[in-house]
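Working notes, structure below.
FYI, the numbering just counts along the sequence from 1. Counting starts at 1 for both ligands and their atoms, in listed order.
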Amino acid sequence: MTEYTTVIGLEVHAELKTKTKAFCSCSTEFGGAPNTHVCPVCLGMPGALPVINKQMVEFALRFALAVNCEIQRYSKFDRKNYYYPDLAKAYQISQFYQPIALNGHLDVNVDGETKRIGITRIHMEEDAGKLVHSGASISTSDFSAVDYNRAGVPLIEIVSEPDMRSAAEARAYMEKLRAYLQYTGVCDGKMQEGSMRCDANISIMPVGSKEFGTRAEIKNLNSFKALERAIEYEVERQKEILEDGGHVVQETRTWDDAQGMTFSMRSKEEAHDYRYFPEPDLAPIIIEKEWVEKAKSELPELPDARKARLMNEKGLDDYSAELIVADKKMAEYFDAAAAETDDAKGVANWILGDVSAYLNSNSCGIGDFPVSPAHLGQMVALIKKGVLSSKLAKKVFAEMLKKDEAPADLVKKLGLEQVSDEGAIQAMVDEAIAANPQSVADYKAGKDKAIGFLVGQVMKKSRGKANPGMVNKLIIKTIKGE
Ligand code: ADP
Ligand code: MG
Ligand code: ZN
């Protein structure tokens, strides 16, 4: 059987967080009653004239700089013509011939390896409205209604080079993009809610081939998981075709999440001819050097820089740092918690361990986490100081989940202070040694494991509160008669 290489290029749409729409002053706020955020411009009334929202250009510029693009001094808008009721004007204002930015890149990390993914171009465009079908599906619905609240909301489309070679790389790239969108504050990057959407172009070619295979473009990918599953499914589908001696047709396919399959939507022959032409109602955008320099100087700390800082200054490993910076709010939580202790690694372990487990099982984000970062950091500090054992810290943590109290108070209230008083521990050690002569004999005979049993006895006696390091030390010292 032939071995194949997978080739993936992604086209990502990100909704920009401007207050008003791209070419009119309607609100972009999500969730209003249908057709309440509309005006003659975004409804495409004859004679209504669009005006460029400067904030949209500002956001596109900022993001393009963050992902290392070359900003085009001159760019302009074009009309993309198509007839579908989600688009009142029967054309979408987009940038086709001269987009705002070209030639960027992002570095992604998969299995400890860093790989650079090229960004071909970034352009600005307006979103379409939403069709609402009554009934279970389009085919059984009695009627369809259109909500134009979303029509005219500004988007950037980020087109990648066909540089990804696996579903894992595509996911890593999407997660990196989301982080950059969040950090620059231009988009909240929520795939489930559609503020970040992605079409995946997928093809395969025999290993070693220099020529890419024919691609299929997959739409309707509403989560990272869907993206990965769709790529895996599509690669298998194309392999089967090639193995059977057929060839892949260039077409647009849609992902059905429930069935776990892609279905053909339209082939290249039926593909739209968008008849792009320059938008005559909008002046070109000129971005002078000073504007670029100003935007550059105003860029916040970006995910890769933040990751480097967590590694260099806080001593985190590559993997932990990558996970923490992937979510801006998580990174902020980490910084606030780590400010309470010199044990930043301990903070990272708690965040990636018990905190993440809580977030997963409650399907919520760090923004909804009940324990304040200061309290988590203080708890790690207590562990580091030896006041609280790691084991009893779990109890404190569980209490804080119920009520966000200061860990120092909880330790006192629950009587969980670790006993590090040598005299008290020595007394318990003596008792354990006297009660377990066989273990002592085993240890003396070279069975180091016997110590573990004795430590366990003392821990039990202290109800988990004895400092385990000290217990261990004192047992050995006592047996050796030092
Ligand atoms: P179109 O305008 O038809 O969407 P583009 O040239 O803009 O085509 O490419 C769209 C996306 O498809 C880009 O992200 C690009 O990297 C990707 N792409 C192009 N060729 C291939 C291929 N053979 N296999 C996988 N992806 C591809
Ligand atoms: Mg395209
Ligand atoms: Zn409007």
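- For Val110, the side-chain contact (heavy atoms from CB on, under 4.5 Å) test picks out Ala168, Glu169, Ala172, with sequence neighbours left out.
- For ligand 1 and Val7, the ligand atoms under 4.0 Å from any heavy atom of the residue are 24 (N), 25 (C).
- Under 4.0 Å from ligand 1, the heavy atoms of Glu11 that appear belong solely to its side chain.
- Between the side chains of Ser203 and Arg215, not a single donor N or O lies within less than 3.5 Å of an accepting N or O.
- Which parts of ligand 1 touch Val159 is read off a 4.0 Å heavy-atom cut-off, strictly below it: atoms 13 (C), 14 (O).
- Under the 3.5 Å distance criterion, with hydrogens and angles disregarded, a donor-acceptor pair is assigned to the side chains of His13 and Glu125.
- For the Zn ion (ligand 3), the set of protein N/O/S atoms nearer than 2.8 Å consists of Cys24 SG, Cys26 SG, Cys39 SG, Cys42 SG, ordered by chain and number.
- In terms of N/O distances under 3.5 Å, ligand 1 is approached by Gly213.
- No cation-pi contact links Lys384 to Trp350, judged by a cut-off of 6.0 Å to the six-membered ring centre and 45° from its axis.
- The backbone N or O of Met124 lies less than 3.5 Å from a partner atom in the side chain of Gln95, making a donor-acceptor pair.
- Close approach to Glu161 involves these atoms of ligand 1, each under 4.0 Å from a residue heavy atom: 16 (O).
- In this pair, Phe96 and Tyr276 present their aromatic rings parallel. The plane angle is below 30°, not in the 30 to 60° band.
- Listed by chain and residue number, Arg79 satisfy the salt bridge (charged side-chain N to carboxylate O under 4.0 Å, His left out) test with Asp281 (two or more places apart in sequence, or in another chain).
- The salt bridge (Lys or Arg N to Asp or Glu O under 4.0 Å) analysis of residues 360-381, with sequence neighbours excluded, yields no pairs.
- Relative to the ring axis of Tyr91, Lys89 places its NZ or CZ within 45° and under 6.0 Å from the centre.
- Considering each of Met205, Arg215, Glu211, Met164, the one bringing a non-hydrogen atom nearest atom 21 (C) of ligand 1 is Arg215.
- Between Ile8 and ligand 1, not a single N/O pair is under 3.5 Å apart.
- The residue Asp163 has no part lying near ligand 1, judged by heavy-atom distances below 4.0 Å.
- Side-chain contact of Ser195 with Glu15: a donor-acceptor pair under 3.5 Å is absent, judged by distance alone.
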